[in-house]
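Data first, discussion second: the structure below is written as structure tokens.
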Amino acid sequence: MTTTLIRGGLVITAAEETHADVLIDGGRIVALADHAAELPWNADQVIDATGKYVIPGGVDAHTHMEMPFGGTYASDTFETGTRAAAWGGTTTIVDFAIQSVGSGLREGLDAWHAKAEGNCAIDYGFHMILADVNEHSLKEMDALVGEGVTSFKLFMAYPGVFYSDDGKILRAMQHAAGNGGLIMMHAENGIAIDVLVEQAVAAGRTDPRHHGEVRKALLEAEATHRAIQLARVAGSPLYVVHVSATEAVAEITRARDLGLPVFGETCPQYLFLSTDNLAEPDFEGAKYVCSTPLRPAEHQDALWRSLRTDDLSVVSTDHCPFCFTGQKELGRGDFSKIPNGMPGVENRMDLLHQAVVEGRISRRRWIEIACAAPARMFGLYPRKGTIAPGADADIVLYDPHAEQVMSAETHHMNVDYSAYEGRRTTGRVHTVLSRGELVIDGRRYVGHAGHGRYQPRGTCQYLG
Ligand SMILES: [Zn+2]
């Protein structure tokens with residue numbers, strides 16, 4: 001194994017900022033030392049980080065590579081999606097393996113291992129989607145926790161597909177309370193939403209913007225409230241995914257004020273985009289169809305505030321791209337047939353850095369919500385999410401002054417549009433290391449499919 005020294009940068013973690021040199025040996029960080037004129041150590045390779053931030057690689061705890069949805073598949077494979085993630089400064093993803101109705105968790109997990117194995121440019125782990133809660137799948141949860149799949153997503157939305165009723169949710173929560181698993185919830189009242197969808201389509205309200213109108217903020221808030229109460233009854237922790245509505249944030253804040261183990265995640269699309277995008281003409285709004293939906297811009301302030309106060313703890317992408325041509329177009333004339341999901345795995349670190357530039361969050365909070373907190377939440381810390389002796393050498397050299405314009409012309413995600421087309425941001429990834437190996441070297445991709453390794457995870461580190 002070779003040793004690498006990263007010299008002269010500003011090391012930023014969730015806890016501190018220091019002008020330090022970082023020594024890497026055998027894929028791990030072995031030491032940090034105050035930056036000095038003399039080389040503090042001999043190393044095989046020296047990387048000059050002068051003028052750059054040296055930050056932990058991003059941890060994106062919510063991606064859906066190759067996900068089947070509505071008769072098609074998310075357009076990024078594990079190969080293309082993890083390469084794009086690396087370009088954007090993310091070095092670990094936690095993707096969602098899916099249990100099919102009528103099958104066990106094991107078959108679903110095996111299928112996702114087969115998709116990812118040998119194809120990833122960066123490290124990866126799995127959550128498990130529980131689509132069919134029954135005696136067998138509940139028992140299987142215990143085995144999965146033992147092998148590092150420690151979080152389980154349930155859906156209060158999508159009746160007939162992923163939906164679980166309150167009884168099934170309660171059973172899964174009770175089980176998680178016993179085995180240390182973390183229940184992740186898609187909190188929208190899907191039964192009520194489906195009624196509104198049917199009524200909207202019947203009345204000819206078929207444009208993409210109606211996707212946002214039927215999936216009401218109140219129905220997100222109601223489901224969030226219900227999920228919290230069910231978790232309290234079961235005695236289990238709860239992680240609410242992709243929170244987008246002020247009213248839903250309020251439910252999470254109230255629970256946290258009571259000291260309950262309730263956590264919330266939001267995504268860049270809810271922080272930077274709005275129903276104005278969904279209303280773009282000529283069916284362009286379809287590019288922004290995802291669930292929970294984009295909200296009116298007024299909701300953004302509550303999300304930013306909650307990120308500052310830690311009422312929301314994590315920013316993940318929910319990366320689930322579908323091409324506009326041929327995939328999003330499946331819903332022309334009927335918004336309910338538009339595949340739900342948006343690209344973003346490559347954009348998250350930059351968009352959140354832009355929030356630093358604009359004074360919405362501090363640099364350390366940027367690293368916390370994008371690297372450290374997701375690593376802690378999902379049992380990967382301090383191997384991932386920080387720069388400290390013993391941690392994996394997943395490190396990004398970030399140029400805080402570089403200007404860029406986001407565009408489908410230049411991004412690396414396998415999707416024919418950018419949700420942030422034409423947006424100017426300050427700051428850009430320069431170099432990326434994954435376990436000490438260069439993946440991006442001064443804006444050149446030098447990684448390879450198969451470098452990324454499966455990461456078994458421990459249980460949530462915010463508990464007990
Ligand atoms: Zn998702």
Side-chain angles (χ1 to χ4, degrees), residues 58-70 72-78 81-82 84-85 90 92-100 108-109 112 115-116 124-131 149 151-159 161-164 169 172 182-190 193 211-212 215 220 223-224 227 238-245 248 263-271 273 287-295 303 312-322 327-328 338-348 370 374 377-378 413 415 419:
V59 178
D60 190 340
H62 191 155
T63 67
H64 298 281
M65 305 303 173
E66 310 180 31
M67 189 182 113
F69 191 98
T72 186
Y73 286 84
S75 58
D76 261 320
T77 61
F78 278 89
T82 57
T90 286
T92 305
I93 61 165
V94 189
D95 202 270
F96 287 86
I98 301 180
Q99 174 198 24
S100 310
L109 182 59
W112 256 259
K115 290 176 205 249
Y124 60 97
F126 292 118
H127 311 287
M128 189 81 221
I129 287 176
L130 289 181
V149 178
S151 38
F152 302 89
K153 187 178 182 187
L154 292 160
F155 289 78
M156 302 169 102
Y158 303 128
V161 188
F162 295 131
Y163 174 81
S164 291
I169 290 169
L182 180 60
I183 295 293
M184 308 172 75
M185 189 63 72
H186 179 133
E188 285 187 294
N189 186 326
I193 285 169
H211 171 82
R215 304 188 83 92
E220 183 188 347
T224 304
L238 175 70
Y239 177 93
V240 184
V241 296
H242 51 54
V243 176
S244 66
F263 308 94
E265 164 199 276
T266 192
C267 311
Q269 53 269 35
Y270 308 117
L271 295 163
L273 303 173
K287 295 173 176 175
Y288 308 94
V289 165
C290 59
S291 297
T292 59
L294 301 187
R295 301 293 181 193
L303 298 177
L312 295 175
S313 309
V314 170
V315 177
S316 305
T317 58
D318 198 5
H319 177 75
C320 191
F322 297 98
Q327 292 193 297
K328 288 291 189 179
I338 301 169
N340 282 209
M342 283 178 49
V345 75
E346 188 173 349
N347 305 128
R348 182 183 67 128
M377 191 69 67
F378 298 107
M413 297 176 284
V415 59

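All of these numbers come straight from a predicted model, not from anything done at the bench. Whatever order the structure lists them in is the order used to number ligands and atoms, beginning at 1.
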*Near the Zn ion (ligand 1), is there an N/O/S atom from H186 that is less than 2.8 Å away?*
no
*So does H64 have any N/O/S atom less than 2.8 Å away from the Zn ion (ligand 1)?*
yes
_Intermediate values then yes/no, ring-ring contact (aromatic ring centres under 6.0 Å, His included), H319 and H62_ = CA-CA 7 Å; H319 177 75; H62 191 155; over 10 Å; no
*Which single N/O/S atom of D318 lies at minimum distance from the Zn ion (ligand 1)?*
OD1
_Under 3.5 Å, is there a donor on one side chain and an acceptor on the other for S291 and N340?_
yes
*Kindly give the atom name of the N, O or S atom of H62 closest to the Zn ion (ligand 1).*
NE2
*Any side-chain donor-acceptor pair under 3.5 Å between T292 and Y270?*
yes
*side-chain contact (heavy atoms from CB on, under 4.5 Å) between Y158 and H186, worked out*: CA-CA 10 Å; Y158 303 128; H186 179 133; 3.9 Å; yes
